[in-house]
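See structure below.
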Amino acid sequence: MTACKTPGRPDLDQLRALQRELAAQVIERPLTHEPQVVAGADVHIAGGEAVAVAVATDADGLMVREVRELWRHVDFPYIPGFLSFREAPAIVDAVNSLEAKPNLLFVDGQGRAHPRRFGLACHVGVMLGIPTIGVAKSKLVGRYAEPGRERGSTAPLVDRTETIGMVVRTKTGAPPVFVSVGNLITLEEAVAWTLRLTRDRIPDPTLRAHQQAQRALATRRARES
DNA sequence: GCGACAG
DNA sequence: ATCTTGTCGC
């Protein structure tokens with residue numbers, strides 16, 4: 001049999017076509033409801049085992065309402081531009097496991113600031129049908145001028161002639177983050193909510209999810225030794 | 001051909 | 001992301 005799926009080398013041409021198709025389903029428009037439940041999600045992967053964590057907080061990110069941890073097998077490799085095929089399934093499951101569906105979700109990666117305008121935050125946003133914001137710690141595509149050093153400074157992220165996101169200084173003196181629309185929100189709102197929920201460099205719900213995922217992996221490693 | 005390249 | 005604790009430098 002030669003027609004088996006080969007985890008090592010996915011059909012990227014086919015996936016690019018799929019991304020363009022799904023990118024057309026992304027809705028960029030103002031929030032229709034004031035978010036009451038905000039969430040952040042992150043995934044850590046070690047040797048085919050992925051742990052996704054979703055943390056739900058109040059609208060200011062100060063009170064944690066819920067933390068869900070979900071394990072999943074992952075075979076898709078990391079390929080720049082195709083991260084969502086590796087991480088989106090686990091994130092979607094983790095968010096769906098929350099008892100209260102969030103009105104806004106922060107995703108650790110790009111939204112529309114992607115070569116085909118379909119980063120991880122868009123993928124998750126389309127699958128869940130909720131507003132999502134992509135907050136990435138580094139750039140995937142686009143050009144930008146360094147924003148001012150103070151927290152709150154911004155600079156547009158531009159690809160060709162299109163503004164695909166915003167480079168945002170969320171912490172004075174720290175490297176900026178790359179904010180873009182995931183789904184059902186505008187770029188301006190995405191930037192405002194990112195600043196609102198960020199106390200350190202990345203949004204609080206995301207930071208909490210990140211730390212919880214790290215603890216979960218460490219725990220599993222200790223258990224296996 | 002040469003860089004760039006989310007997590 | 002991950003390998004990995006303390007240590008070198010401004």
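Only heavy atoms go into these numbers, but all of them, side chains included; no hydrogens, no water, no symmetry mates. To find a chain, count down the sequence lines: A is the first, B the second, and so on, and within it residues start at 1.
- Using a 4.0 Å heavy-atom cutoff across all strands shown, A:Ile91 reaches no nucleic acid atom at all.
- One atom, NZ of A:Lys139, and another, C1' of B:dG3, lie 11 Å apart when rounded to the nearest Å.
- Each of B:dA6, B:dC5, C:dT2 was ranked by its minimum atom distance to the side chain of A:Gln214; first place goes to C:dT2.
- Side-chain contact between A:Ser84 and A:Val124 is absent, with no heavy atoms from C-beta onward closer than 4.5 Å.
- Atom CZ in A:Arg16 sits roughly 13 Å away from atom C1' in B:dC5 (whole-Å rounding).
- For B:dG7, the base is stacked against the aromatic ring of A:Tyr78, per a cut-off of 5.5 Å between centres and 30° between planes.
- The distance from atom CD of A:Gln19 to atom P of B:dA6 is 14 Å, rounded to the nearest whole Å.
- In this structure, A:Val26 and A:Val126 have side chains that are in contact, with non-hydrogen atoms separated by less than 4.5 Å.
- Here B:dA4 presents its C1' atom at 13 Å from CG of A:Asp159, a figure rounded to the nearest Å.
- Note on A:Ile45: only backbone sugar-phosphate atoms sit closer than 4.0 angstrom, heavy atoms only; bases stay farther off.
- Across the protein-nucleic acid pair, A:Asp108 atom CG and C:dA1 atom P stand 7 Å apart, rounded to whole Å.
- Here the side chain of A:His44 is nearest to one of C:dA1, B:dG7, C:dC3, namely C:dA1.
- Between A:Arg221 and C:dC3 there is a side-chain polar atom (N or O) within less than 4.0 angstrom of OP1 or OP2.
- Contacts of A:Phe85 with the nucleic acid, taken as non-hydrogen atoms under 4.0 Å apart, are absent.
- Per the geometry, CZ belonging to A:Arg86 stands 13 Å off P belonging to B:dG7, to the nearest Å.
- Of the listed nucleotides (B:dG7, B:dC5, C:dA1), B:dC5 has the atom at the smallest distance from the side chain of A:Leu140.
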List the atom pairs, with distances to 0.1 Å, where a side-chain N or O of residues 27-37 of chain A and a protein N or O form a donor-acceptor pair under 3.5 Å, not counting sequence neighbours.
| unit_1 | atom_1 | unit_2 | atom_2 | d |
| --- | --- | --- | --- | --- |
| A:Glu28 | OE1 | A:Arg112 | NH1 | 3.1 |
| A:Gln36 | NE2 | A:Glu34 | O | 3.2 |

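- Checked against A:His44 for a side-chain hydrogen bond (donor to acceptor under 3.5 Å, both in side chains), the options A:Gln212, A:Glu87, A:His210, A:Glu49 give a single hit: A:His210.
- Distances shorter than 4.0 Å separate some side-chain N or O of A:Lys137 from OP1 or OP2 on B:dG7.
- Base engagement by A:Gly81 is indicated by at least one non-hydrogen atom pair under 4.0 Å involving a base atom.
- A cation-pi contact, defined as under 6.0 Å to the ring centre and within 45° of the axis, links A:Arg116 to A:Phe82.
- Summarising the geometry, the separation between CZ on A:Arg116 and P on B:dC5 is reported as 15 Å, rounded to the nearest angstrom.
- For B:dG7, the OP1/OP2 oxygens have a side-chain nitrogen or oxygen of A:Ser138 closer than 4.0 Å.
- Put simply, CG on A:Leu157 is 14 Å from C1' on B:dA4, counting in whole angstrom units.
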